[in-house]
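What follows is a single structure, written as structure tokens, with notes after it.
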Amino acid sequence: VSSRTLFIGAVEIGTSKITVLVGEYTGRELAIIGRGECSSRGVIKGTVVDYKAASECTHSALEQAEREAGERIEVVFLAQTGSHLEGFYNEASVNVKASDNMIDAADIRTVCDLAKSKDLPEGRVVVHNIRRPFRVDGRLVPGTPENLVGQRLDVGYWTVHGQEQRLADNIHVIRGFNLEVRELVLSSLAAGHMVTTAEERQHGVLAVDIGAGTTDFVLYRDGAPHITGILPVGGTHLTNDLSIGLRLTEGQAEKLKLRFGRANLITRDKTQKVWLDGNFAIGDRQFPQQMIEQITSARTWELLEVVKKKLGMAFSPETCSAGVVLTGGTAKLAGIADTAAKVFGVPAHLGETPTWVSENLRDPGYHTALGLLYYGVNASSDHLAGARRRGGFFGNVKRLFANT
Amino acid sequence: VTRDSLQLPAARSWRDIPQPVVPRAMSREGRWRLTMAVVRSTFVVLVCAAALWTVWYVAMSMQDNTGTPLKAAVLKTDGVLDDAWLARALALPKHSSLVQLDLEQLRSRLLADGQIVSATLTRDFPDRLVVQVTERVPIARVMLESAGQQHVFVVARDGVVYDGKGYDEATIALLPWLDGVEIVPEGHGFRPIAGMAEAAELLGKARLEAEHLYLTWAVISLARLETDHQIEVRTKNGPCLIRFSTRDDYFRQLVKLNYVWDQITRVPDAKATIDLSLGQDVPVMVENPESSGPGQPSHPGVVPGRSVAHEAALSLTRPVPVASQSALFHLPYSQPNQKKREL
């Protein structure tokens, strides 16, 4: 294996901010060496609506990250969210060919191809094909079924697909910085991979990433993603409700949400009030604390209820024994874990960053970008190994032309 | 159902979305990166092109050189050898090209000649070979029999005996003959003569400081060098025998000889033995020319210089009285081997 290092940029183009992390991948380990952030413009609910504004913000964050890393990003892993992303499950089964009923590689390839071969509507492209565990005569096989004996081999794929134009918009934003998008990763998968452990995923766990404009969720079962979903609802809706309910500007409402918002109602005293700015300056106003909590908790409850509803029959407390893990910027809302526990009927907690992540990246807002790097490296290790093997003089020449 | 028999529809993946670079859709930073990438690419292309051109040029040059015969071998020497000798020594095959030459082999061929101390061969593209040599300088000559014929060889300061080529006859004629040494064949030449450094110093000093004496020397003998640390010189006219000590300063000995020689040359056909190896004392044995017939040694069977007709011991102490010096040559030569007189 070549010792050439690959510099990967993990880019999350979110509704409220754009985050870029630079990872130095040596083939054995991944180190985060740079970070760039920029307030987002031209992006609504994870979708680029103003190309120029979104490009400027993204490129600014990329430039900042490269400057901090002191290296040039070579490839980009791009997080993907938005209501245009949908998923469906498709299953296939084949009878084992061999006379001795021993499953071979051809059987596995056939059943996988069958399960993935589903026509998509015009203008839609596959983003992920997430395989669920194989079954041999109905028996669950966590690993590969090759050389196992059985009559029938089943497999199912959860296929995530999205609108081609919207995906292309996101990709072109990155290409506008003369960088290649090597991997497109669903935000929920990236964040879920970061905040859940392998054990939790094996037992069944629901990871909910509540961002500013969207809420991404992924339900893990048997160690693999079972269902993913995206809601075009997030923290900005709480802000909007506060703004309308209390007749405030969005900025003021956002400030109140961050300071006094809660996902559950704990203030009983209706007369208890809080100051908007707290500096007693002219224009500073008082608002009832209970009213703020009522608005934010009701909206949060509703949001989580929608998630539960979207999961439908796939979710049950029995199949999700590891509970619910919350992440994303809105997960910092006080009391949200209690609310989630009540809604889903299982224990819930806030996602924790692994201990090896440095202190300045421990905020839930970085979970998606961190997960992008680690999930992306695992998911596309073959591609990256190929990229790393193209080291040396001719490799560099090839990359130069690729960038051009 | 086999996989091949299935006509599976290929679902489009996000990887099928083209990722073109459209400058108008790029930000300022993106355009800058693109420009730099283009510059880098151009630079790399130019470097590659230059490298390829260099390789091509060298290959073509080598191809040309392989096809073009060597036009000239140029000799640069500090001695007397000429291009004709070089052509004979190198013995290059006709139409040989510069790149085909084995310079190391040619150099060995040149160094095989005893006249050459060092040789440097350089290719001067496209068609010249430059040969720079350093030659030995002859200080004496020896007569040796080679292939049944007498042949004159010369001896260099380091004792190397070689067939001197390119020297004019006058130069060779000035060299004294070397005697009292054993010439041992070795390989295609001879083994270097030991003690030639001493002889070279004496001859060099004589040639530089007392050329009139040097020109009278006919033979230089190293026969007594190892045993008595003496070098014997026999002169042309006389002949006289002069013994030099290798342990004393040659210049001082030459001064003494010069003084004695002036006196001896006053006597026509004087045959004397001058021993300069005894420090301050310079015994001079003079043979009476009348006691022996012309061309006959005083004692047959004995080297003329060594036969002692008259022996005189000269004890030179400076300042030497002129009257005393001249008295030597008025000695009665009628009493050979008996008369001794101190001056």
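Chain letters run A, B, ... following the sequence lines, proteins first, then strands; residues in each count from 1.
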Next item on the list: With salt bridge (Lys or Arg N to Asp or Glu O under 4.0 Å) as the test, would you mind laying out the steps for Arg33(B) and Glu63(A) before giving the verdict?
Entry: CA-CA 10 Å; Arg33(B) 282 175 66 99; Glu63(A) 208 178 351; over 6 Å; no
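Here Leu34(B) contributes atom CG and Leu179(A) contributes atom CG; the two are 11.0 Å apart, rounded to the nearest 0.5 Å.
Distance alone, capped at 3.5 Å, places no donor-acceptor pair between the Arg124(A) side chain and the Arg12(B) backbone. In terms of modelled atom types and a separation under 3.5 Å, the side chain of Gln19(B) and the main chain of Val181(A) share a donor-acceptor contact.
Heavy-atom neighbours of Glu182(B) CD from other residues, nucleotides or ligands within 6.0 Å: at or below the threshold of 12. Surrounding CZ of Phe88(A) are more than 12 heavy atoms belonging to other residues, nucleotides or ligands, all under 6.0 Å away.
Scanning residues 34-41 of chain A against chain B with a 4.5 Å non-hydrogen threshold yields no residues. When the heavy atoms of residues 150-170 of chain A are compared with those of chain B, the residues falling under 4.5 Å are Glu164(A), Leu167(A), Ala168(A), listed by number.
Pairing each heavy atom of Arg182(A) with each of Trp14(B), the nearest pair is O-CH2, 3.6 Å. Here the closest heavy-atom approach between residue Ile17(B) and residue Val125(A) is recorded as CD1-CG2, 4.2 Å.
Contact of Ile171(A) with chain B is made through the side chain alone, with heavy-atom distances under 4.5 Å.
Ranked by heavy-atom pairs under 4.5 Å with chain B, the list Gly176(A), Ser60(A), Ser55(A) is led by Gly176(A).
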